[in-house]
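Presented below is the structure to which this report refers.
Owing to the predicted nature of the structure, the values given are computational and were not obtained by experimental measurement. Numbers restart at 1 for each chain; the letters A, B, ... are given by sequence-line order, proteins then strands.
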Amino acid sequence: KQEVTQIPAALSVPEGENLVLNCSFTDSAIYNLQWFRQDPGKGLTSLLLIQSSQREQTSGRLNASLDKSSGRSTLYIAASQPGDSATYLCAVPETGATNKLIFGTGTLLAVQP
Amino acid sequence: EAGVVQSPRYKIIEKKQPVAFWCNPISGHNTLYWYLQNLGQGPELLIRYENEEAVDDSQLPKDRFSAERLKGVDSTLKIQPAELGDSAVYLCASSLTSGETQYFGPGTRLLVL
């Protein structure tokens with residue numbers, strides 16, 4: 001059964017700093033991996049989706065990398081801004097069930113102005 | 001284009017009372033998901049619909065929870081009777097087809113007293 005872990009649980013950084021969020025998963029036979037953002041009291045917004053054949057995906061100041069063999073993904077945020085403050089969750093499909101996402105517990109990010 | 005719509009946004013009820021949540025997915029999306037998100041945790045899938053058919057309801061506590069998507073468009077999730085432990089956020093998501101990017105609604109925050 002797939003399990004997803006995110007470290008750290010919470011992170012506070014000053015504005016302008018570059019930062020890395022970590023995600024690890026137990027079963028490396030994944031179909032893809034997604035990073036989501038969740039603002040307080042709101043639903044999830046998909047940020048990046050990395051297919052199993054890819055090593056990384058970029059969108060603006062965000063870069064997500066995937067290392068299937070080690071069961072790890074990182075989300076790199078460049079030049080952080082207060083508007084980046086949110087909870088970031090990663091998710092992978094359940095083993096043998098590509099339609100069922102297994103989420104990590106998230107990293108709560110606070111970017112201080 | 002309108003996103004996933006959920007109502008109500010907040011609900012406070014006493015234990016043993018019934019409660020229902022409504023979701024209208026993005027127009028044209030065939031797949032609809034209901035998730036449960038406890039405080040500080042990632043979402044967990046309760047049920048997935050392909051059009052009007054429930055294709056994965058293994059995580060739905062069927063003794064008290066029920067769901068329907070009669071015309072393959074909007075969906076209702078019901079709890080009867082509610083228990084204290086049901087206090088959580090109930091998220092609805094939809095995707096064009098199964099396995100595609102999921103788009104989430106803002107959720108319904110339930111508090112059972």
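- No more than 12 heavy atoms of other residues, nucleotides or ligands sit less than 6.0 Å from atom NZ of A:Lys42.
- More than 12 heavy atoms of other residues, nucleotides or ligands sit less than 6.0 Å from atom CG of B:Leu96.
- A distance of 9.0 Å separates CZ of A:Phe103 from CG of B:Leu45, quoted to the nearest 0.5 Å.
- Contacts of B:Tyr33 with chain A are made by side-chain atoms alone, with heavy-atom separations under 4.5 Å and no backbone atom involved.
- Counting only heavy atoms from C-beta outward, the side chains of B:Tyr103 and A:Thr45 never approach each other to under 4.5 Å.
- Taking the side-chain hydrogen bond (donor to acceptor under 3.5 Å, both in side chains) definition, one finds that A:Arg37 meets it with A:Asp39, sequence neighbours left out.
- Grouping the Ile, Leu, Val, Met, Phe, Trp and Tyr side chains by contacts below 4.5 angstrom, directly or via other members, places A:Leu11 with A:Val4.
- Residue contact with chain A, scored on non-hydrogen atoms closer than 4.5 Å, involves the side chain of B:Gln59 exclusively.
- In plain terms, the two heavy atoms of B:Ser58 and A:Lys100 that are nearest each other are OG-NZ, 4.4 Å.
- For chain B, no part of A:Gln6 is nearby; none of its heavy atoms comes within less than 4.5 Å.
- More than 12 heavy atoms of other residues, nucleotides or ligands shown are found within 6.0 angstrom of CG on B:Leu113.
- Looking only at side-chain heavy atoms (C-beta outward), B:Pro43 and A:Leu89 come within less than 4.5 Å of each other.
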Begin from the C-alpha positions of A:Gln38 and B:Gln37 and carry the test side-chain hydrogen bond (donor to acceptor under 3.5 Å, both in side chains) through to its verdict.
CA-CA 12 Å; A:Gln38 186 172 30; B:Gln37 186 175 24; 2.9 Å; yes

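- Taken together through direct or relayed side-chain contacts under 4.5 Å among Ile, Leu, Val, Met, Phe, Trp and Tyr, B:Tyr35 and B:Leu32 form parts of separate hydrophobic clusters.
- Within 6.0 Å of CD on B:Glu68 lie more than 12 heavy atoms contributed by other residues, nucleotides or ligands.
- Here the straight-line distance linking atom OG1 of B:Thr101 with atom CG of A:Asn32 works out to 8.5 Å at 0.5 Å rounding.
- Both the backbone and the side chain of A:Leu44 come within less than 4.5 Å of a heavy atom of chain B.
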